[in-house]
Amino acid sequence: MREETIMATIAFIGLGNMGGPMAANLVKAGHAVTGFDLMPAALEAAKAKGVAIADSAKSAVASADAVVTMLPSGKHVVGATTGADGLFAAAKPGTLFIDSSTIDVASARAFHEAAKAAGHASVDAPVSGGVGGAEAGTLTFMVGGTDEAFAAAKPILELMGKKIVHCGGAGAGQAAKICNNMILGISMIAASEAFVLAEKLGLSHQALFDVASTSSGQCWSINTYCPVPGPVPTSPANRGYQPGFAAALMLKDLKLSQEAAETAGAATALGAAATALYTAFAAEGNEGKDFSGIIEWIRTRADET
C-alpha cells in the first residue's frame with residue numbers, strides 16, 4: 001500500500017521522455033507540480049498534462065517542498081544544483097531533492113554532500129522501466145540516501161513507480177542502476193545472438209521463445225523485451241525498434257559500469273565486451289534505435305562471415 005505523502009508542492013526539472021510522464025503522474029495524484037526544461041516541446045507536452053511551467057529552474061524550485069531532477073549526466077546534475085546560482089541555493093531550507101538521473105557514483109555523492117551542506121535532504125533515485133514504465137507509473141526506483149531521506153522520498157516515488165528499493169547510503173542507487181543495466185546490456189546481446197543462431201539453424205522465433213522463456217534461458221530481454229517481432233507484441237521489435245530505451249542510453253550506462261569497474265577494481269569482461277559492441281552499433285548511426293535493435297547489427301555481422 002502506498003503511503004500518503006505530506007508533500008504538496010513539487011518541482012520537476014527535466015521533462016523529457018522520462019521526466020514528462022513522471023511529472024504527469026504526480027499531477028494525476030493531486031499534487032501541484034511546477035516544471036522546467038530547456039526544450040520548448042517538452043514544456044508544451046508537460047503543460048498539456050497539467051504541469052505548471054516556470055520560466056527557469058530556479059523559479060520552479062523556489063517554493064517547492066520537494067524537487068525531482070531528471071538530467072542527462074553527472075555534470076548536469078552537479079552543475080544545476082550546486083554553487084551560488086544553483087538549485088540548492090534557490091530552494092527554501094529543508095527541501096527534499098530527488099535525483100532520478102542516471103549518473104556516475106562520484107557525481108551522486110557530490111550531489112548529496114552539497115545538498116547536506118545547503119541544509120537539504122537528498123536521495124539518488126535512478127529508475128528502470130523505460131518510457132512505458134514512466135507513463136504507466138510502474139517504474140522501479142533504486143534509492144540511495146539516509147533512512148530519513150528515503151522515508152520522506154518514498155511516498156513521492158510510489159506515485160511514479162511500483163517498486164521502491166532502498167539500496168543503501170549516498171550513491172547506492174546509482175551503483176545498483178549501473179550494475180542492473182550492465183546485466184541488461186549483456187543479456188540483450190546474448191538473447192540477440194541466440195535468436196540469430198536459431199535462424200541459421202532453421203528454428204523459428206516462436207519455437208525458441210517458447211523454450212527459452214520457460215526454461216533456463218529465461219530473462220527480461222527475452223520474456224518481456226524480446227528482440228524479434230511476434231512473441232512479445234509489446235516489445236520494440238514490433239514497431240521497427242523505436243525506443244523504448246535508446247541504444248545511446250544503454251551505451252551511456254555501460255560506459256558508466258566500466259568506469260565504476262575500473263575505479264573499484266572489479267573484473268567485468270562481459271560488461272567490457274557489451275560496451276564495445278554497443279559502441280560499434282551506435283557508431284553506425286543507431287544511437288536513436290531501441291537498444292534491442294542490436295539484433296539487426298548482429299545479424300548483419302553474421303551474414304558477413
Side-chain angles (χ1 to χ4, degrees), residues 5 7 9-27 31-39 42-43 45-46 51-83 85-92 94-129 131 134 139 141-145 149-150 152-154 156-157 159-161 164 170-174 177 249 252-253 256:
T5 175
M7 299 295 183
T9 304
I10 302 173
F12 209 112
I13 311 302
L15 297 167
N17 290 336
M18 292 294 292
M22 291 165 66
N25 282 327
L26 293 175
V27 173
H31 293 282
V33 181
T34 302
F36 181 76
D37 194 284
L38 293 174
M39 302 300 293
L43 294 175
V51 176
I53 303 303
D55 58 8
S56 70
K58 289 173 65 176
S59 63
V61 308
S63 60
D65 299 305
V67 177
V68 183
T69 49
M70 178 64 88
L71 301 173
S73 69
K75 68 179 181 181
H76 294 101
V77 171
V78 174
T81 55
T82 63
D85 292 326
L87 300 183
F88 292 153
K92 63 186 182 182
T95 300
L96 171 65
F97 277 82
I98 300 170
D99 180 44
S100 287
S101 318
T102 295
I103 63 176
D104 59 286
V105 175
S107 292
R109 289 174 176 165
F111 158 82
H112 280 281
E113 290 172 4
K116 182 178 180 180
H120 303 304
S122 60
V123 295
D124 55 288
V127 304
S128 179
V131 175
L139 295 169
F141 285 89
M142 296 145 273
V143 187
F150 174 73
K154 186 179 179 184
I156 297 173
L157 299 178
L159 301 175
M160 300 181 286
I164 320 298
Q174 297 296 346
K177 174 66 183 289
L249 297 177
K252 169 193 168 183
D253 290 355
L256 288 174

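Remember, it's a predicted structure, so these values are computed and weren't measured experimentally. Because only heavy atoms are used, hydrogens play no part in the values below, and waters and symmetry mates are left out as well, while side chains stay in. Numbers here are sequence positions counted from 1.
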Exercise. Are the side chain of Lys177 and the backbone N or O of Val127 linked by a donor-acceptor pair below 3.5 Å?
Worked result: yes
Exercise. How close do Ala134 and Met22 get, heavy atom to heavy atom, and via which atoms?
Worked result: CB-CG, 4.1 Å
Exercise. Is the backbone of Asp104 close enough, under 3.5 Å, to the side chain of Ser107 for a donor and an acceptor to pair up by distance?
Worked result: no
Exercise. Per the side-chain contact (heavy atoms from CB on, under 4.5 Å) rule, which among Thr95, Thr81, Leu96 passes with Val67?
Worked result: Thr95
Exercise. Measuring from Leu159:CG to Ile10:CD1, what's the distance to the nearest 0.5 Å?
Worked result: 7.0 Å
Exercise. Would you say Lys116 has more than 12 foreign heavy atoms packed within less than 6.0 Å of its NZ?
Worked result: no
Exercise. Donor-acceptor pair, Thr34 side chain versus Ala11 backbone, under 3.5 Å?
Worked result: no
For this session: Quick one: pull up OG1 in Thr82 and CD in Glu113 and give me the separation to the nearest 0.5 Å.
Result: 11.5 Å
For this session: Over 60° means perpendicular and under 30° means parallel, so classify the ring planes of Phe88 and His120, tilted if in between.
Result: tilted
Exercise. So which heavy atom on Ile98 is nearest to which on Ala153, and how close?
Worked result: CD1-CB, 4.0 Å
Seminar exercise, completed: Between Asp124 and Ala172, the two heavy atoms sitting closest are OD2-N, 3.8 Å
Report all side-chain donor-acceptor pairs from residues 12-19 shorter than 3.5 Å, counting only partners two or more places apart or in another chain.
none

Exercise. What heavy-atom pair brings Leu71 and Ser101 nearest, and what distance separates the two atoms?
Worked result: N-OG, 2.7 Å
Exercise. Once you round to the nearest 0.5 Å, how far does OG1 of Thr9 lie from CG of Leu26?
Worked result: 12.0 Å
Exercise. Do Asp99 and Gln174 have side chains that get closer than 4.5 Å, going by heavy atoms?
Worked result: yes
Problem set entry | Euclidean distance, Met70 CE relative to Thr102 OG1, rounded to 0.5 Å | 7.0 Å
For this session: Mind checking the CD1-CD1 spacing from Ile164 to Ile156? Nearest 0.5 Å is all I need.
Result: 11.0 Å
Seminar exercise, completed: The reported gap from CD1 in Ile103 to NZ in Lys75 (rounded to nearest 0.5 angstrom) is 13.0 Å
Exercise. If every non-hydrogen atom of Val123 is compared with every non-hydrogen atom of Phe111, which pair is closest and at what distance?
Worked result: O-CE2, 3.6 Å
Exercise. So which heavy atom on Leu87 is nearest to which on Val61, and how close?
Worked result: O-CG2, 3.9 Å
